[in-house]
Q: 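So that we are looking at the same thing, I have put the structure below in structure tokens.
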Amino acid sequence: MIESADRSIIQHRQLQDLKHTINRVYQNVPFYKKRFLEQNITPQNIQCLEDVQKLPFTTKKDLRDHYPFSLFAVEQKELVRLHASSGTSGKPTVVGYTKKDIEDWAAIVARAILIAGGKPGDMLQNAYGYGLFTGGLGLHYGGENLGVTVIPISGGNTDRQIQIIQDFQPTILCSTPSYAINIGEKMIEQGMNPRETSLKIGIFGAEPWSDEMRRKIEELFQIKACDIYGLSEVVGPGVAMECYEGQNGLHIAEDHFLVEVIDPETLKPVPEGTEGELVFTSLKKEALPIIRYRTGDIASISTEKCICGRTTTRMSRIKGRIDDMIIIRGVNIFPSEIEHHLIKIKEIAPHYQVHLLRNSSLDEIELHVEINEELFQQTSQNLLHPMITTLQAEIYEKMKSNCLMSMNIKIHPPKELPRSEGKAIRIVDHRKKCMKGDQHELC
Ligand code: DLL
């Protein structure tokens, strides 16, 4: 089994596949040939894995500039599927798969479900969105490949999700972590106990989440929650998966992807254990091989053997995307770091949004949080205001001492912040419009 093989064996195979991939893109994708030649590189220059560092990076902009199909290495008639990422600005990025790519991806995701503790015979409720987003079909084909019974419910329609959990009795729930919380809360609202369902495992990802959020979800449903990572440009979900046994870093599918971590400023590699931007090179993909793709995601890697016995490189949880890093008066922070400290406060529900505002020429942060429903119900009206003032002060201090930032804390009544059915929106940037949000805060 490659996942527990000696690292020299893993690397030997990676080198063979890397050479093959570089040859293919050189011959079949004019963009890569031109880029390589600009740097005086031909496939013969790739003799060891470190030689990958001689190659130029590929970015989202490159994919957009070659919209829709110009980076593909096969003819359209060989494609059996297309996916695309939603373009928040400009054109989306389009990705394609040959029949073999789809088979490989299904095998990668099947293995990911196994890594998370799933097994043939399980029933998997797949609440990732189906469509151009890779989450739905990625988990779907992976589940079928493993031999689990897949419920292709897709994202949204929370009442239906709950009904299906009750009636079909699935053992695995797949969704974004924020949507899992949403489902759990709705169950409580409807008088059910999410801890008493048939669910045993959660495979959650597609957005940054903290260990504290994991604990909340595990407690909410009484399940084991594992982190799944991936991005459409590299393949979709399954690029890395956290194991059931260790829950300490995500095992990278190294037989398919070569990982590097670079300093996003200098673009130089950083040492193992140091945070930086993840860069992936695909090793087996046919339709859209991708060379040194800069993901924009911040994490570190470790090659230490895991307690589960796997020897594959593990990546830490994603701290956030470089684009989502908040920089205020010289201090940098990711929403996941705010989440890490915030979620520990028991009076607060696991929902938050960071609003960025501009007052004169100064940037300000408003942290919008929601009070815990139970506490809200139990507290009499005349005690509510003093309690909220104390809570505000507590959160302010926590953020100031741990995140080194002064934030305006806005506390909302329960269920007021937007709930997600897919990727949660954690940052709302008003700085361009310089407009305050019109939500109703308690304070
Ligand atoms: O989100 C693929 C996916 C589907 C992954 C289902 C996991 C589960 P994209 O829509 O292309 O693909 O978005 C990729 O989402 O670059 C990260 O910024 C973020 N992301 C994905 N997984 C995680 C995770 C899918 N586990 C982008 N933790 C990536 C943090 C994640 N961020």
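We count ligands from 1, going down the list as the structure has it; atoms in each ligand are counted the same way. We use all heavy atoms of the structure for the numbers below, so side chains are in, but hydrogens, waters and symmetry mates are not.
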Q: Tyr128 to ligand 1: N or O pair under 3.5 Å?
A: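 No, since none of the N or O atoms of Tyr128 sits under 3.5 Å from an N or O of ligand 1.
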Q: Considering both backbone and side-chain atoms of Ile228, is one of its nitrogen or oxygen atoms within less than 3.5 Å of a nitrogen or oxygen in ligand 1?
A: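 Yes, at least one N or O pair falls under 3.5 Å.
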Q: State, without any angle test, whether Gln125 and Gln161 hold a side-chain donor-acceptor pair at a distance under 3.5 Å.
A: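 Gln161 and Gln125 do have a side-chain donor-acceptor pair below 3.5 Å.
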Q: When you compare the side chain of Leu356 with that of Asp363, does any pair of heavy atoms fall below 4.5 Å?
A: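 Result no, sub-4.5 Å side-chain heavy-atom pair not found.
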Q: What atoms of ligand 1 come within less than 4.0 Å of a heavy atom belonging to Thr134?
A: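 Near Thr134, meaning under 4.0 Å from one of its heavy atoms, ligand 1 has 2 (C), 12 (O).
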Q: Hey, does Trp209 come in under 3.5 Å of ligand 1, counting only N/O atoms on both sides?
A: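 Such a contact does not occur with ligand 1.
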Q: Check contact between Pro208 and ligand 1, using heavy atoms of the residue and a distance below 4.0 angstrom.
A: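 Within the 4.0 Å threshold, so yes.
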Q: What about Arg321: any of its N or O atoms under 3.5 Å from an N or O on ligand 1?
A: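 Such a contact does occur with ligand 1.
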Q: Is it true that the side chains of Glu185 and His351 contain a donor and an acceptor less than 3.5 Å apart?
A: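 Per modelled atom types, Glu185 and His351 side chains form a pair under 3.5 Å.
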Q: Using heavy-atom distances only, which candidate in Gly296, Gly236, Gly230 approaches atom 21 (C) of ligand 1 most closely?
A: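 The residue whose heavy atom sits nearest atom 21 (C) of ligand 1 is Gly230.
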Q: So, Ser232 and Thr134: side-chain donor and acceptor under 3.5 Å apart, yes or no?
A: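 Looking only at side-chain atoms, Thr134 and Ser232 do not form any donor-acceptor pair under 3.5 Å.
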Q: I'd like to check the side chain to side chain donor-acceptor pair (under 3.5 Å) partners of Arg215; sequence neighbours left out, ordered by chain and number.
A: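 Applying side chain to side chain donor-acceptor pair (under 3.5 Å) to Arg215 gives Glu212.
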Q: Applying side-chain contact (heavy atoms from CB on, under 4.5 Å), name anything that partners Glu50, two or more places apart in sequence or on another chain.
A: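 Applying side-chain contact (heavy atoms from CB on, under 4.5 Å) to Glu50 gives Cys48.
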Q: What protein heavy atom lies closest to atom 15 (O) of ligand 1? Include the residue and the distance to one decimal.
A: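 Its nearest protein heavy-atom neighbour is Lys423 NZ, 3.2 Å.
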Q: Which option, Gly238, Ala206, Cys174, owns the non-hydrogen atom nearest atom 20 (N) of ligand 1?
A: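 Selected option, by shortest heavy-atom distance: Ala206.
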Q: Does Ser85 reach ligand 1 with a nitrogen or oxygen that is under 3.5 Å from one of the ligand's nitrogen or oxygen atoms?
A: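 Between Ser85 and ligand 1 (N or O atoms, distance only) the closest approach is not under 3.5 Å.
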Q: If I apply the N/O under 3.5 Å rule, does Ile318 come out as touching ligand 1?
A: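 N/O-N/O distance below 3.5 Å does not exist for this pair.
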Q: Would you please say whether a donor-acceptor pair under 3.5 Å links the side chains of Glu207 and Ser178?
A: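 Yes, because at least one side-chain N or O of Glu207 sits under 3.5 Å from a partner of the opposite role on Ser178.
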Q: With respect to atom 32 (N) of ligand 1, which of Arg317, Glu242, Met241, Glu207 exhibits the smallest heavy-atom separation?
A: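 Selected option, by shortest heavy-atom distance: Glu207.
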Q: Among side-chain atoms of Glu78 and Thr98, is any donor-acceptor pair under 3.5 angstrom?
A: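 Not at all, the side chains of Glu78 and Thr98 share no donor-acceptor pair under 3.5 Å.
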Q: Among protein heavy atoms, which sits nearest to atom 18 (O) of ligand 1, and what does the distance come to when rounded to 0.1 Å?
A: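 Answer, as residue, atom name and distance: Asp297 OD1, 2.6 Å.
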Q: One residue to check: Phe204. Relative to ligand 1, which of side chain, backbone, both or neither has a non-hydrogen atom less than 4.0 Å away?
A: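 Neither; nothing of Phe204 gets under 4.0 Å from ligand 1.
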Q: Under 3.5 Å, is there a donor-acceptor pair between the Asn126 and Tyr130 side chains?
A: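 Yes, because at least one side-chain N or O of Asn126 sits under 3.5 Å from a partner of the opposite role on Tyr130.
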